[in-house]
*Asks:* 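One structure coming up, written as structure tokens, with questions to follow.
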Amino acid sequence: MNDSSTTEIRRQVLTLSPQSWLLGAGYLTLYLLLDWASYVQPLRHTSITPWNPNTGVVMALLLTRGWRWAPLVTLGIFVGELLTDDAPAPWWVRALASGYLALVYTLAAWGLRRRGLGRPIGTPKAAAWFAGVTAAASGVAAAGYVAMLVSAGVLNSSEAWTSVGRYWIGEFNGIIALTPVLLLGVGRAVRWDDMLRHRRELMLQALGAVFGVALAFALAAARDVRLFYPLFAPVTWVALRHGVPGAMISVSLVQAALVAALEFTPGSIPLFDVQFPLLSLGVTALFLGALATQRDSTLRQMRQQDAALQRSMRFAVAGQLASALTHELNQPMTALLSYVRSAELMTEPPARADERLSGTLRKAGEEAGRAAAVLRRLREFYRGEGARLEPTDALSVCTRVAEALRDRMRRSAVEFKLRRAGMPSVMADRTQLEIVMHNLLTNCLDAFDALPATGSRSRRIEVTAEARGADVLIGIDDSGPGIAANLTERLFEPFVTSKISGMGLGLSLSRSFLRSQGGDLWSEPSRLGGARFVIRLATRVTPQTSM
Ligand code: ADP
């Protein structure tokens, strides 16, 4: 290796993040601990033992982190060989064997990762790929490892086939039980709260497993009877109830308990004799667990779809209701409007009525006219009629809405600011845009009203605009409390509200309006400290007319 590549490797190692160092140290500790604990009843002077959970840790690391961790895996295997084995193999044979084992498992993990299996197993298909690839990899690992020991003279060639078989099953057993458990750490796959909800059942399942292990062990120790079937009942029960997490946690515990019981009882059956029952238990639990996990996630999806359907049905019903209401209210509204107009006429000179009365009647007339227009547009929208786009001065729409809300703003001590710069003409349905602005500004005021009156916070609403390509973004910022954390994800869904008398339709309707105009509406945190809603609409350059 030349100087520059050594420097490069040193640089890469030194620039590793603290988390990587921690993970590496944790991995090595766990690997060596398990290697040491499971180094029981080895085949003469080799590291061929009946059960290798440490290889389960190797696969978990390579599956979640990728091939870059292969050097650490090699180092772990090599140190494990040096520390735990009493094999007389020279160090270079151990080094070669460690490199070989790491290479085989790295390739297997690389293949599985390419199929997206670097995460918790959740379907029978994923379980089949995982079991198939690890069975093949542990077979290849066992054959190569034994071949190296035979050529180094550590093993007789007459022992080769038995050794390959035993090493193979030991490795496969360790991976199939422990790797799925370690993979559960990725993406919060375990629903502990679900598990703990069935506490009594969990206790019975644990009792069943303890009984199964005790029976298997007692019969093996006292009468030399190999009876492992009782272990299947509790593990199957757990797998069907709790899916892959429950299944593989229980298999790992049962494996460890049985190996420990048999190891510490002098004169009981050899551990190699339990390799096959343990493997069958692992494979059965993995497939049953995967089936149960898939069933649970399908049920969960169906429940979510059902909830979404219910919501859209409620929305449709609300639409019908709105349509009926607008139809019924339209006539009295028109009548009200003409009465107000007549009253206005009556207050004109020469009646010399109070000027305030005529001013109030004018405002009442404007509001009634606006309400009638809103009702009409709502009715058209719910009937599925499209928006009427026209070049619209968004600024004047906003000013008009703010004017209508001026009294409320004054009562709530809110300072309203409209920045005029950068507010070009947009292509919009004027009435719909007015409804949207009205919704957004009243939401800001509602948010201020929900705050304690004595708060030291300044109460500000600011409307700004900026051109973005062919669009204009209109931002409505407030210095209120901001969007409640539990609402952010579902803010634009119908019937989502934090107000006692709220309907939760304002934002969803506003977004539907804007999207039907080719625009959009979203929310983000505001630089004023509260909420910010952004309206996106298309602009259109008004053609210049020459005089
Ligand atoms: P409603 O006003 O009937 O509750 P909306 O769809 O208009 O229905 O609003 C949904 C929810 O979004 C409100 O209940 C409120 O919790 C939240 N929200 C909307 N705008 C703001 C804002 N400016 N500040 C804080 N929360 C807001």
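For ligands, and for the atoms within them, numbers begin at 1 and follow the listed sequence.
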*Asks:* Could Arg303 and Asp306 be called an ion pair, given the rule that one side-chain N must be under 4.0 Å from one carboxylate O?
*Replies:*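 No.
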*Asks:* Test of understanding: given a 4.0 Å heavy-atom threshold, classify the contact between Ala447 and ligand 1 as side chain, backbone, both, or neither.
*Replies:*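 Contact part for Ala447 vs ligand 1: side chain (C-beta onward).
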*Asks:* Do Leu72 and Tyr31 come within less than 4.5 Å of each other through their side chains, counting heavy atoms only?
*Replies:*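 No. Closest side-chain heavy atoms not under 4.5 Å.
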*Asks:* Evaluate whether atom CZ of Arg295 has more than 12 neighbouring non-hydrogen atoms of other residues, nucleotides or ligands under 6.0 angstrom away.
*Replies:*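 Correct, the count exceeds 12.
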*Asks:* Is a side-chain donor or acceptor of Arg113 paired with a backbone partner of Gly118 at a separation under 3.5 angstrom?
*Replies:*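 No, Arg113 side chain to Gly118 backbone: no donor-acceptor pair under 3.5 Å.
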*Asks:* Can you list the ligand 1 atoms lying under 4.0 Å from a non-hydrogen atom of Gly502?
*Replies:*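 Heavy-atom distances to Gly502 below 4.0 Å select 3 (O).
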*Asks:* Looking only at heavy atoms of Gly482, does any of them come nearer than 4.0 Å to an atom of ligand 1?
*Replies:*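 For ligand 1, residue contact (heavy atoms, under 4.0 Å) with Gly482 is present.
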*Asks:* Given Gly506, Ser498, Ala531, identify the one with the heavy atom nearest to atom 15 (C) of ligand 1.
*Replies:*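 The option holding the nearest heavy atom is Ser498.
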*Asks:* Quick one: does any side-chain atom of Ser252 pair with a main-chain N or O of Ala177 as donor and acceptor, under 3.5 Å?
*Replies:*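 Side chain of Ser252 to backbone of Ala177, a donor-acceptor pair under 3.5 Å: yes, one is there.
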*Asks:* Among protein heavy atoms, which lies nearest atom 6 (O) of ligand 1, and at what distance?
*Replies:*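 Nearest protein contact, heavy atoms only, for atom 6 (O) of ligand 1 is Leu507 N, 2.8 Å.
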*Asks:* Show the numbers, then the answer: is there a side chain to side chain contact (heavy atoms under 4.5 Å, CB included) between Trp129 and Ile121?
*Replies:* CA-CA 10 Å; Trp129 270 103; Ile121 295 169; over 6 Å; no
*Asks:* Looking only at distances, please establish whether an N/O atom of ligand 1 is found under 3.5 Å from an N/O atom of Leu487.
*Replies:*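 The answer is no, given that Leu487 and ligand 1 share no N or O pair closer than 3.5 Å.
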*Asks:* With heavy atoms of Val496 as the reference, note each atom of ligand 1 found under 4.0 Å away.
*Replies:*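 In order of numbering, the contacting atoms are 10 (C), 11 (C).
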*Asks:* Between the main-chain N or O of Arg65 and the side-chain N or O of Arg68, is there a donor-acceptor pair closer than 3.5 Å?
*Replies:*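 Between the backbone of Arg65 and the side chain of Arg68 there is no qualifying donor-acceptor contact (under 3.5 Å).
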*Asks:* Is the backbone N or O of Ser458 less than 3.5 Å from a side-chain atom of Ser479, with the two atoms forming a donor-acceptor pair by type?
*Replies:*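 Such a contact is found between Ser479 side chain and Ser458 backbone.
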*Asks:* When you measure from atom 19 (C) of ligand 1 to each heavy atom in Leu509, Leu505, Asn486, Asn443, which option holds the nearest one?
*Replies:*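 Residue with the shortest heavy-atom distance to the ligand atom: Asn443.
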*Asks:* Compute the shortest N/O to N/O distance between Asp446 and ligand 1 and return yes if it is under 3.5 Å, no if not.
*Replies:*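 By distance alone, the answer is no.
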*Asks:* Is there any N or O on Met503 that sits under 3.5 Å from an N or O of ligand 1?
*Replies:*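 Yes - when backbone and side-chain N and O of Met503 are compared with those of ligand 1, one distance drops under 3.5 Å.
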*Asks:* Provide, to 0.1 Å, the distance between atom 13 (C) of ligand 1 and the closest protein heavy atom, together with that atom's residue and name.
*Replies:*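 Among all protein heavy atoms, the one nearest atom 13 (C) of ligand 1 is Lys499 CE, 3.8 Å.
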*Asks:* Run the numbers on Arg408 and Asp446 for salt bridge (charged side-chain N to carboxylate O under 4.0 Å, His left out), then give the verdict.
*Replies:* CA-CA 10 Å; Arg408 218 189 129 185; Asp446 289 346; 2.8 Å; yes
*Asks:* So which protein heavy atom does atom 18 (N) of ligand 1 come closest to, and at what separation?
*Replies:*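 I find the closest protein heavy atom is Ile483 CD1, 3.8 Å.
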*Asks:* Are there more than 12 heavy atoms of other residues, nucleotides or ligands under 6.0 Å from atom OH of Tyr339?
*Replies:*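 12 or below, so no.
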*Asks:* Around atom 17 (C) of ligand 1, find the nearest protein heavy atom and jot down its residue, atom name and distance.
*Replies:*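 Of every protein heavy atom, Leu491 CD1, 4.0 Å lies nearest to atom 17 (C) of ligand 1.
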*Asks:* Do any heavy atoms of Gly504 fall under 4.0 Å from ligand 1?
*Replies:*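 Yes, Gly504 has a heavy atom closer than 4.0 Å to ligand 1.
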*Asks:* Run the numbers for me: atoms of ligand 1, each under 4.0 Å from some heavy atom of Phe533, listed by number.
*Replies:*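 Contacts of ligand 1 toward Phe533, numbered from 1: 19 (C), 20 (N), 21 (C), 23 (N).
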*Asks:* For the pair Glu366 and Arg400, find out whether any cationic side-chain nitrogen is under 4.0 Å from an anionic carboxylate oxygen.
*Replies:*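 Answer for the salt bridge query: no.
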*Asks:* Thr497 to ligand 1: N or O pair under 3.5 Å?
*Replies:*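 Right, the criterion is met.
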*Asks:* Out of Ile476, Asp478, Ile500, Leu445, who is nearest to atom 23 (N) of ligand 1 when you count heavy atoms only?
*Replies:*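 Looking at heavy atoms only, Asp478 sits closest to atom 23 (N) of ligand 1.
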